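Read through the structure below, which is laid out as structure tokens, and then see the notes.
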There are 2 protein chains.
Amino acid sequence: MVTSEQVARLAGVSRATVSRALNGSPRVSAEARKRIEEAIVSLGYEPDVVAQSLVRQRSRTIALGLFYGDQKSTVLSSISKTQHYFYLDLLRDVEQEIAAAQYDLLLPSISYAQKNYIRSLQMRHVAGTLAIAMHPADERVRALLEAEIPTVFIDSLNQGKSSTYVTSDNQDGARQATEHLIQLGHRRIVTLMSGTAGRIGPLRQAGYRQALQRVGLPIDEDLMYTSGWNTEEAYQATLLLLQERRPRDFTAIVVGSDLMAIGVLRALHQHGLHVPGDVSVVGFDDVDLCRYTEPPLTTIRQDRSAMVQGAVQRLIRMIESDGEYDESMLAPIIIPTRLITRASTGPVPESS
Amino acid sequence: MVTSEQVARLAGVSRATVSRALNGSPRVSAEARKRIEEAIVSLGYEPDVVAQSLVRQRSRTIALGLFYGDQKSTVLSSISKTQHYFYLDLLRDVEQEIAAAQYDLLLPSISYAQKNYIRSLQMRHVAGTLAIAMHPADERVRALLEAEIPTVFIDSLNQGKSSTYVTSDNQDGARQATEHLIQLGHRRIVTLMSGTAGRIGPLRQAGYRQALQRVGLPIDEDLMYTSGWNTEEAYQATLLLLQERRPRDFTAIVVGSDLMAIGVLRALHQHGLHVPGDVSVVGFDDVDLCRYTEPPLTTIRQDRSAMVQGAVQRLIRMIESDGEYDESMLAPIIIPTRLITRASTGPVPESS
DNA sequence: CTGAAAGCGCTTACAG
DNA sequence: CTGAAAGCGCTTACAG
């Protein structure tokens with residue numbers, strides 16, 4: 001293996017100088033710098049990042065945390081179930097951004113060992129953590145909120161002494177979805193989303209309420225259904241809804257996520273209901289699958305790129321500020337959402 | 001930070017002894033071991049893995065490589081496009097298995113820097129690499145095949161001096177799909193898959209041929225269509241197919257992947273064709289989405305867990321054998337596939 | 001601007 | 001069975 005020692009020898013300087021040149025210190029003469037660079041190229045030298053991490057007491061590695069409630073689950077295991085394709089799309093951006101910033105992304109094997117979670121991260125000398133907490137009260141989330149490790153939560157509203165979050169404007173998104181339906185003439189609008197997990201559901205419910213209130217429509221709590229954030233549960237919940245209510249009693253559904261909407265479409269379809277002829281459906285997220293559902297899904301787009309860019313850039317600022325955070329650095333980042341109109345929404349049925 | 005020094009002091013031994021106890025050396029007295037263990041617990045000590053990596057010249061980290069052809073793409077960016085949900089499901093298992101073996105999973109930020117790819121991995125002291133090569137001739141794949149880093153390729157047929165692969169029995173899968181259709185009475189069966197990329201497509205085409213030959217059916221090369229491995233291209237290819245041929249000229253399609261099949265279903269649907277009334281469709285992979293397509297998709301299940309378990313266990317054996325491979329260690333692992341019958345296949349239409 | 005020296009936290013022959 | 005010492009490949013005050 002080529003070490004800095006060999007580079008130093010070839011360039012006729014000490015290892016200290018090589019190190020300085022490598023790290024862009026101004027205290028290196030032009031000639032020395034030049035010789036060192038040549039030596040690096042001719043030897044194909046690349047610094048040993050492990051040694052660097054040890055001496056700097058910090059690696060260029062960002063850990064990914066994904067807390068799904070199930071304490072034993074690893075990061076991706078929480079994510080690649082059908083219901084979480086949205087997060088997957090998000091992870092793609094995460095990796096991209098982190099790579100662009102020259103950090104490695106680490107999926108530590110200790111996600112489940114909550115007790116020593118923080119310590120394990122420390123022993124790996126991770127520079128920071130990017131966390132997605134789908135479950136509100138995971139012990140690891142708590143630990144992270146109190147730890148010194150710079151952390152940005154994506155899509156879950158957690159703030160701590162070294163942590164903050166980025167999220168979509170969930171309330172406004174649901175407001176747009178609902179207003180869109182109101183403009184199409186709908187008055188009896190069902191909403192289907194999780195009423196609890198992670199405070200996201202309630203925010204979206206609030207947006208729904210807000211839209212109705214704005215136009216003076218009554219809020220019928222009975223139209224607010226709940227289910228888990230996945231295709232299957234949404235499917236089941238819709239079957240239930242269809243047992244309880246006859247068509248025309250409602251003409252549209254605002255759904256908590258696109259993948260849930262797929263379950264909704266399936267249930268409607270099974271009952272011989274047409275979308276949007278009988279019932280209009282709006283999703284949330286704008287997963288790329290939306291274009292291939294039958295019919296293609298009107299939805300609220302979350303600007304994933306903006307979320308992730310915001311998260312990663314903030315995280316890196318936090319890391320590089322060495323724990324000296326000013327106010328602005330711990331302020332949450334809220335990303336606007338917008339309506340994408342496709343074929344699953346239409347005018348309210350005539351007869352109603 | 002708690003170091004081994006402090007543990008040693010508290011236990012009244014030297015750091016060397018602590019290290020031995022930690023690493024399960026037999027050359028530690030029972031009493032010493034006991035005192036050390038107590039000290040570890042009471043101090044909450046955990047070894048510094050970075051320091052360990054440096055001195056051992058090897059970390060407990062496995063790098064993930066995903067080579068998509070596009071040289072600049074990072075690991076997940078290649079994977080989370082719609083067409084690769086299958087790989088995502090696979091990654092879930094990868095992380096799980098690797099975590100179970102107490103290794104961390106690393107997505108290095110250098111995937112695009114092909115030149116120094118190997119060197120970068122070495123400088124990170126990765127123990128091994130798990131690679132998914134969707135593109136046949138990526139430079140990094142070549143480099144990996146010649147490097148000393150233990151590597152297992154998943155789903156791409158590469159063998160090198162320190163590398164081997166695991167894959168499904170692709171040919172047999174396509175054979176099962178085709179035979180299933182033949183048993184339902186189909187005679188004019190279209191196949192739609194990539195004829196080139198990664199040798200997987202051709203293997204599946206071979207399975208298709210094999211099934212026809214077994215029952216003495218003629219092979220009509222004109223029925224063998226090709227497209228990229230994604231929903232959109234499969235959709236387009238099917239539109240083309242429907243321009244060229246009238247229904248009844250073919251009554252079934254064996255598709256290269258489930259996500260492609262979604263595009264196929266959409267195109268058929270758009271032309272007013274019923275599945276399976278007019279055309280039967282079989283996918284490949286058994287992504288969990290299959291249950292929610294309209295109609296639910298008959299497909300060939302790849303046993304992802306078995307693939308990943310095979311890959312990870314082999315990789316770890318390779319790592320722990322320290323470069324001393326016997327024959328069996330570099331032998332490819334082939335995993336059986338099987339037909340999952342759902343609603344997208346049925347008897348050949350009466351009138352044909 | 002530069003080098004010698006100390007040190008990051010561990011492991012591992014070596015000697016006892 | 002145990003400890004003193006060297007060493008993994010870097011960085012960084014310190015002194016010049």
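This is a predicted model, so every value here is computed, not measured. Here is the naming used below: chain letters follow the sequence lines, and residue numbers restart at 1 for every chain.
Nearest heavy-atom pair, B:Arg58 versus B:Asp322, reported as atom, atom and distance to 0.1 Å: NH2-OD1, 2.7 Å. Considering all non-hydrogen atoms of both residues, B:Arg35 and B:Gly12 come closest at NH2-O, 4.0 Å. The minimum heavy-atom distance between A:Ser109 and B:Ala99, with the atom names listed, is CB-CA, 3.7 Å. Among all heavy-atom pairs drawn from B:Ile335 and B:Met307, the shortest one is CG1-CG, 3.7 Å.
Between D:dG3 and B:Ser14, a contact under 4.0 Å exists linking OP1 or OP2 to a side-chain N or O.
Summarising the geometry, the separation between CZ on A:Arg9 and C1' on C:dG3 is reported as 15 Å, rounded to the nearest angstrom.
For C:dA13, there is no paired base (Watson-Crick or G-U wobble, both distances below 3.5 Å).
Nucleotides D:dA5 and D:dC1 place their P atoms 23 Å apart, quoted to the nearest Å. Distance check on atom C1': C:dG16 versus C:dT12 gives 16 Å, rounded to whole Å. Rounded to whole Å, the P atom of C:dC10 lies 24 Å from the corresponding atom of C:dC14.
Checking side-chain atoms of A:Arg314 against main-chain N and O of A:Ala331 turns up a donor-acceptor pair under 3.5 Å.
Contact check on B:Lys34 versus B:Glu38 returns a salt bridge, with a Lys/Arg side-chain nitrogen under 4.0 Å from an Asp/Glu carboxylate oxygen.
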Exercise. For nucleotides 8-16 of chain D, read 5' to 3', which letter fits each nucleotide if B means a protein heavy atom sits under 4.0 Å from the base, S means only the sugar-phosphate is that close, and - means neither?
Worked result: BBBBBB---
